[in-house]
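Worksheet: the structure to be examined is printed underneath.
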Amino acid sequence: MSDLEAPLRPKRKKVWVDYLVQLRWILVIFVVLPISFSIYFLIYLGDMNSERKSFRQRQKEHEENVQKVVKRLKERNPSRDGLVCTARKPWIAVGMRNVDYKRARHFEVDLSAFRNILEIDKERMIAKVEPLVNMGQITRVTVPMNLALAVVAELDDLTVGGLINGYGIEGSSHIYGLFSDTVVAYEIVLADGRVVRATKDNEFSDLFYAIPWSQGTLGLLVSAEIKLIPIKEYMKLTYKPVVGNLQELAQAYMDSFAPRDGDQDNPEKVPDFVETMIYSPTEAVCMTGVYASKEEAKKKGNKINSVGWWFKPWFYQHAQTALKKGEFVEYIPTREYYHRHTRCLYWEGKLILPFADQFWFRLLFGWLMPPKVSLLKATQGEAIRNYYHEMHVIQDMLVPLYKVGDALEWVHHEMEVYPIWLCPHRLFKLPLKTMVYPEHGFEHAHGQGDTPYAQMYTDIGVYYAPGPVLRGEVFDGAEAVRRMENWLIENHGFQPQYAVSELSEKNFWRMFDASLYEHCRRKYGAVGTFMSVYYKSKKGRKTEKEVQDAEQAILETPYAEVDQPVD
């Protein structure tokens with residue numbers, strides 16, 4: 001795309017919801033923040049209580065809770081009860097995806113007790129955890145041991161179950177892949193009440209590969225064994241400013257972690273962590289990090305920056321200073337680096353509380369941040385919710401690395417959202433063709449960042465109010481998402497299902513591969529027990545009749561067919 005000029009749009013007339021959104025900060029400060037802080041504190045106390053128990057005691061409680069789930073599933077009468085869903089309230093989920101399917105008749109299974117770390121096995125380098133364990137909880141336990149999950153998603157509230165069944169990425173994903181790629185085994189309760197352990201090389205290997213991106217529609221995840229890696233106390237982070245057009249910014253980003261000579265597996269050439277933030281169509285800051293020991297960080301002349309303190313500048317604004325002062329290096333305590341975007345929710349905090357990034361607010365009230373996303377959703381009401389769907393963008397575009405420049409130009413032309421987050425990840429060539437998969441023949445193209453066993457992709461995080469909205473112009477959010485999804489389909493890209501989607505069922509299965517997923521749906525009895533992943537992700541309310549008709553028809557739907565069979 002050569003023409004980057006945004007289309008001309010007429011001015012939009014303000015309605016009462018605009019003023020409600022502008023004044024929402026009052027509710028957030030006096031209601032959401034205090035309640036959020038209280039909830040965080042209570043959760044912390046619960047986690048401390050769990051950590052005081054022995055692993056043996058936690059495992060015993062886990063087994064008892066699993067049997068409760070099995071018993072509950074066996075109480076379901078398929079002819080009378082609705083499809084199986086968790087008992088978690090719709091607004092609790094961190095993602096923006098519409099979960100109105102729970103307004104139809106459904107059969108609830110309570111998984112709220114599954115929030116314990118069951119084992120840290122230092123010999124096997126495995127953490128066995130329950131699905132509601134979140135990133136803040138697990139780093140609090142593992143980092144003091146100089147261990148961490150291979151992929152640690154940035155926001156504290158993101159849970160293991162959500163990152164496995166949905167989508168999870170971090171700055172180390174250019175090495176380890178997505179969060180689900182670091183899982184060694186799943187413990188799943190199937191539709192018939194059987195409890196199975198699925199690994200990549202046992203009798204349930206097909207289920208093992210089908211679970212990621214399935215949104216809990218193949219069975220109920222009750223624990224996972226996840227790869228651990230050794231780490232050091234600090235992250236040595238280099239901030240490098242880049243100026244140029246969007247294609248040049250994309251190339252600088254690629255060069256920051258993907259050697260042009262193809263030596264992608266050489267730790268001397270590839271950093272431990274990578275991310276880039278694009279602040280405008282001509283400015284970006286590339287960040288690369290390597291683990292560093294406490295001794296190295298504290299050497300004379302090195303700068304240590306504890307970014308986790310409540311009064312510190314928000315991370316994305318701190319990184320932006322590199323555009324003025326040039327390239328610089330600093331050392332950040334590792335756990336604080338992992339959660340660097342939590343306090344300000346990337347940059348969404350600026351929209352929620354326009355003055356929360358100011359020094360006086362950070363000093364006086366920064367300790368109350370961040371507001372819980374679930375509470376923000378619970379207090380927004382139908383009108384504000386619909387407003388955000390139309391006037392706000394929270395999307396991730398997963399695209400092949402060589403198409404990042406084109407994708408950035410598309411986002412600028414259609415949405416004008418800044419900042420933009422770039423984070424690379426490997427998409428592995430697996431024994432079975434999963435819902436997301438690399439481009440055919442990528443291993444022969446020798447693209448920058450690719451290896452014979454994985455194609456390098458990038459998450460383009462588009463989170464903020466679009467430029468037209470900020471200027472008071474007309475903007476059709478639903479149509480913009482529709483065009484984005486079509487662009488992704490045409491360019492072998494993917495859209496994480498946490499986000500609001502406009503995909504029809506036919507286009508959904510053009511974006512994702514259904515073969516292995518539908519095979520496992522039938523083989524393990526999920527059809528008629530769990531909702532299909534498309535209907536769980538579909539925008540809008542689901543009537544009881546629509547859900548049941550979809551389940552009856554799924555065995556014969558032409559949309560689940562694919563061009564190529566499972567490898």
Next item on the list: Quick one: sort the His62 and Phe114 rings into parallel, tilted or perpendicular, breaks at 30° and 60°.
Entry: perpendicular
Check: Do Asn165 and Pro212 touch side chain to side chain, with heavy atoms closer than 4.5 Å?
Finding: no
Checklist line | More than 12 heavy atoms from other groups under 6.0 Å of OH on Tyr453 | finding: yes
Margin query: When you compare the side chains of Thr159 and Asn134, does any donor N or O come within less than 3.5 Å of an acceptor on the partner?
Written below: no
Margin query: So, using side-chain hydrogen bond (donor to acceptor under 3.5 Å, both in side chains) as the criterion, who are the partners of Lys312 when residues are at least two apart?
Written below: Asn305
Item checked: Between His339 and Glu154: side-chain donor-acceptor atoms closer than 3.5 Å -> no
Next item on the list: Walk me through it: do Trp509 and Tyr534 pass the test ring pair (Phe, Tyr, Trp, His ring centres under 6.0 Å)?
Entry: CA-CA 9 Å; Trp509 292 120; Tyr534 170 72; 7.7 Å; no
Note to self: As a quick check of understanding, evaluate side chain to side chain contact (heavy atoms under 4.5 Å, CB included) for His174 and Phe273, giving each step before the final call.
What the structure shows: CA-CA 8 Å; His174 65 296; Phe273 275 77; 5.5 Å; no
Notebook entry, point to check: Counting distance only, does the side-chain N/O of Arg58 pair as donor-acceptor with the main-chain N or O of Ile117 below 3.5 Å?
Noted result: yes
Check: Between Tyr517 and Met531, which heavy-atom pair has the shortest distance, and what is it?
Finding: OH-O, 4.3 Å
Next item on the list: Report the C-alpha distance between Lys60 and Glu63 in whole Å, list the side-chain angles of each, state the deciding distance to 0.1 Å, and finish with yes or no for salt bridge (Lys or Arg N to Asp or Glu O under 4.0 Å).
Entry: CA-CA 5 Å; Lys60 181 181 177 182; Glu63 292 168 358; over 6 Å; no
Next item on the list: Take Val189 and Leu73 through the side chain to side chain contact (heavy atoms under 4.5 Å, CB included) test and state the conclusion after the steps.
Entry: CA-CA 9 Å; Val189 182; Leu73 276 177; 3.5 Å; yes
Item checked: Non-hydrogen side-chain atoms of Met235 and Tyr291 separated by less than 4.5 Å -> yes
Item checked: Ionic contact status for Arg340 with Glu170, cut-off 4.0 Å -> yes
Item checked: Spatial distance of atom OG1 (Thr434) from atom CG (Asp206) [nearest 0.5 Å] -> 13.0 Å
Check: Got Asp396 and Gln495 here, is their nearest side-chain heavy-atom distance under 4.5 Å?
Finding: no
Check: Can you list the steps and then say if Val109 with Arg76 is a side chain to side chain contact (heavy atoms under 4.5 Å, CB included)?
Finding: CA-CA 10 Å; Val109 178; Arg76 176 176 175 264; over 6 Å; no
Notebook entry, point to check: Do Val160 and Ile164 come close enough that some side-chain heavy atom pair is under 4.5 Å?
Noted result: yes
Item checked: Donor-acceptor pair, side chain of Asp81 and main chain of Asn77, under 3.5 angstrom -> yes
Check: Is there a side-chain contact between Val500 and His389, using heavy atoms and a 4.5 Å cut-off?
Finding: yes
Notebook entry, point to check: Is the distance between the ring centroids of Phe208 and Tyr186 under 6.0 Å?
Noted result: yes
Notebook entry, point to check: So, does Thr334 use its side chain to make a donor-acceptor pair with the main chain of Lys232 at under 3.5 Å?
Noted result: yes
Check: Do Asn202 side-chain atoms and Thr199 backbone N/O form a donor-acceptor pair below 3.5 Å?
Finding: yes
Next item on the list: Would you check, one step at a time, whether the test side chain to side chain contact (heavy atoms under 4.5 Å, CB included) holds for Lys128 with Ser223?
Entry: CA-CA 7 Å; Lys128 184 178 180 182; Ser223 77; 3.8 Å; yes
Next item on the list: With ring pair (Phe, Tyr, Trp, His ring centres under 6.0 Å) as the test, would you mind laying out the steps for Phe315 and His341 before giving the verdict?
Entry: CA-CA 6 Å; Phe315 183 76; His341 293 299; 5.5 Å; yes
Check: Quick one: are Ile352 and Leu345 in side-chain contact, heavy atoms under 4.5 Å?
Finding: yes
Checklist line | Tyr176 ring center near His425 ring center (under 6.0 Å) | finding: no
Note to self: When you compare the side chain of Thr86 with that of Glu108, does any pair of heavy atoms fall below 4.5 Å?
What the structure shows: no
Note to self: Can a donor-acceptor pair be found, under 3.5 Å and without considering hydrogens, that links the side chain of Asn507 to the backbone of Leu503?
What the structure shows: no
Notebook entry, point to check: Do Phe37 and Met369 have side chains that get closer than 4.5 Å, going by heavy atoms?
Noted result: no
Checklist line | Nearest-0.5 Å distance, OH of residue Tyr209 to SG of residue Cys520 | finding: 12.0 Å
Item checked: Option passing ring pair (Phe, Tyr, Trp, His ring centres under 6.0 Å) with Trp347 (candidates Trp421, Trp314, Tyr316) -> Tyr316
Margin query: Checking Asp47 against Arg140 for the salt bridge (Lys or Arg N to Asp or Glu O under 4.0 Å) test, could you report, in this order, the C-alpha distance in whole Å, the side-chain angles of both residues, the deciding distance, and whether it holds?
Written below: CA-CA 10 Å; Asp47 293 345; Arg140 188 167 55 244; 2.9 Å; yes
Check: Knowing that exactly one of Phe179, Phe494, Trp213, Phe512 qualifies, which makes a ring pair (Phe, Tyr, Trp, His ring centres under 6.0 Å) with Tyr167?
Finding: Trp213
